[in-house]
2 protein chains.
Amino acid sequence: MDETDELLSIRAAELYYEENKTQDEIGQALRLTRWKVGRLLAQAKQRGFIRIEILHPRARRLPIERRLREERGLDDAIVVSSAGVSSADELQARTAQAAADYLTALRPVPRTLGVSWGRTLFEISQHLRSGWATGVNVVQINGGVSLNRRAGTAAATAVAMAQKGGGNATLLPSPAILEHLATKEAIESDRVVAGVIELARSADAYLFSAGPADHSSVHIESGYLTDADVDLLVQKGAVGDVVGRYIDSDGNIVDPALDARTVGLTLEELREGRLRIAVIAGQSKHPVADAVVRSGLCSVLVTDEATALHLLDG
Amino acid sequence: MDETDELLSIRAAELYYEENKTQDEIGQALRLTRWKVGRLLAQAKQRGFIRIEILHPRARRLPIERRLREERGLDDAIVVSSAGVSSADELQARTAQAAADYLTALRPVPRTLGVSWGRTLFEISQHLRSGWATGVNVVQINGGVSLNRRAGTAAATAVAMAQKGGGNATLLPSPAILEHLATKEAIESDRVVAGVIELARSADAYLFSAGPADHSSVHIESGYLTDADVDLLVQKGAVGDVVGRYIDSDGNIVDPALDARTVGLTLEELREGRLRIAVIAGQSKHPVADAVVRSGLCSVLVTDEATALHLLDG
DNA sequence: GGCAGTTCTGCTCATATGAGCAGTCGGTGC
DNA sequence: GCACCGACTGCTCATATGAGCAGAACTGCC
């Protein structure tokens, strides 16, 4: 296509998309046949001169979703558009909304849903509508957040999801990480705790997020780990955590001793679920998102456009 | 339109614009009739959820051009798109290119073109192609820039335009502003200078830019005015200069004494031209652009999208 | 200059889309 | 309970658009 044609295709595109003229009218204006105009428009599109964006908080990017399914072997992918997003919080909210939508539309409806906790999960629970399901029981799959100053976020998440879904919540009454292995083993052998974990193993679907391995981690905020602990994990290759367990970029446990003191489903147990929905958004989580997807921890990913593109160009 | 329909229209838009499905196929996917799909798409457009941008350095914004003509009484307006522009320089270049395109396409071809000088005009001269016209004579309409360190820019502008247009340049051999009124009158009574000005008065078209009234002014750079002079002009209400003459927001001369020492066409003489093309781009020139358009100094405006929108919401 | 391969052009025809209209539904006021 | 109004639905029909094709024009090569 020569320079003249390129310019003509821009003129044609202006008249077509901004002035809503027909290709025939454009032909008359530019002294071209309407077929030529059609071809110029096709070329303008094909060369990427025309950008069409859907500006809406609920807008998704279907082509990117398809690529994630095809190139990353996911069973499903939900990618929210970041067009017109001004803050990281807004992006997080959009992603949580999309996750809530996905859960609501899920067929068959899971009878038991295993969930982790954290800011993302809490937000999803808030975006779910009452009646999003009928009779969904929610069970926690990893140890809770009792030390957190916003106490009860973990419990509130599971309870809200269950209530709005017309079912019951089963909480895992245990810290996330114990100081001593013996304590952890004692807790897990407790009848109640063991029962919850057993229930969690049998869940129809898992819903979890992932945290970045940096000082903003909830484990630091909750007092389970110190800044120094996290620095050490990062040195060992940690990119983030999933259900409280720190993984490297291949999805392997970084620190087996620490992992042994962590209460809840192990990554192997998690991987045995047939439907494993990860919800991960935001720049800081790009590395964990990559690890989670590459290592097959999730079968379904809900994420934002930038994160999805990051996963695809790796 | 209720919430459900809004969401549906977004889903439909995704399938239509991103997946290139037909409205019929979308209907099957979403369990709607194809007419409903068509209506949803129409509403999505109408509510502004669909944004179509033309990404190209030569792209223009025709609807804004139309509004400028209709609401600001311009004979013509050229508005370059700022979609995908990263720097002020790039925007300036796009605008200059558009001005060059406009000149090239101008019919009837002017036999004599009166031009001012400055960065914008120089850039236009560089963007013009050899042979853009056949036999256009170019005449300077205001005093030159001999004190400038980049000496000869003003002359180079006029000469390049004339050469590429197959005609001759007539330069105005005079400073822009004289220190004493007597000197200015002496210069203007010089046979050569008087002849050039006479020629300028008879030009078929004028092409000029405008400068902001701030310390970045070319008059300061060229040594005709000091920082203090400009501060004083601003205090008196100056928003910028056109052909070397400082105007307020109504387009009136701010300082008649200074104006009397300025060589070249007066604003009244400029206004008598039938075709007066102003090329003004960039954030810092919004106030002058406003004054130029409101006071009818130009009949045609070449500008950028942001400046145009500024003119329209005043 | 002539020839083969390629691109470009203007067409026909099938399909996709938008305008306009009559029937239907759901709510409202009496 | 019923007549009325307005909004919505599914249609017909006219128009706009894209696919595909045959001939024209142009290119490089001998």
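Convention: sequence-line order gives letters A, B, ...; per-chain numbering from 1.
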Crowding at CD, A:E19 (>12 non-hydrogen neighbours, <6.0 Å)
yes
So does B:Q283 have more than 12 non-hydrogen atoms from other groups sitting under 6.0 Å from CD?
no
Inspect the contact between A:D5 and A:R39 and indicate whether a charged nitrogen and a carboxylate oxygen are less than 4.0 angstrom apart.
no
A:D75/A:R274 salt bridge by N-O under 4.0 Å criterion:
no
Can any side-chain N or O of B:D204 pair as donor or acceptor with the backbone N or O of B:T112 at less than 3.5 Å?
yes
Any donor-acceptor pair under 3.5 Å linking the side chain of B:D76 with the backbone of B:V300?
no
Rounded to 10°, the angle between the first-five-pair and last-five-pair axes of the helix from C:dG1-D:dC30 to C:dC30-D:dG1 is 30°
Contact string for nucleotides 9-22 of chain D, one letter per nucleotide 5' to 3', B = base within protein heavy-atom range under 4.0 Å, S = sugar-phosphate only, - = neither, reads BBBB---SBS-B--
Without placing hydrogens or testing angles, list every side-chain donor-acceptor pair under 3.5 Å for residues 52-65 of chain A, not counting sequence neighbours.
from, atom 1, to, atom 2, distance (Å)
A:E53, OE1, B:R51, NE, 3.3
A:E53, OE1, B:R51, NH2, 2.7
A:H56, ND1, A:R58, N, 3.0
A:H56, NE2, B:E6, OE2, 2.6
A:R58, NE, A:D101, OD2, 3.2
A:R58, NH2, A:D101, OD1, 3.2
A:R58, NH2, A:D101, OD2, 3.3
A:R60, NE, A:E65, OE2, 2.9
A:R60, NH2, A:E65, OE1, 2.9
A:R60, NH2, A:E65, OE2, 3.4
A:R61, NE, B:E18, OE2, 2.8
A:R61, NH1, A:E305, OE2, 2.6
A:R61, NH2, B:E18, OE2, 3.2
A:E65, OE2, A:V79, N, 2.9

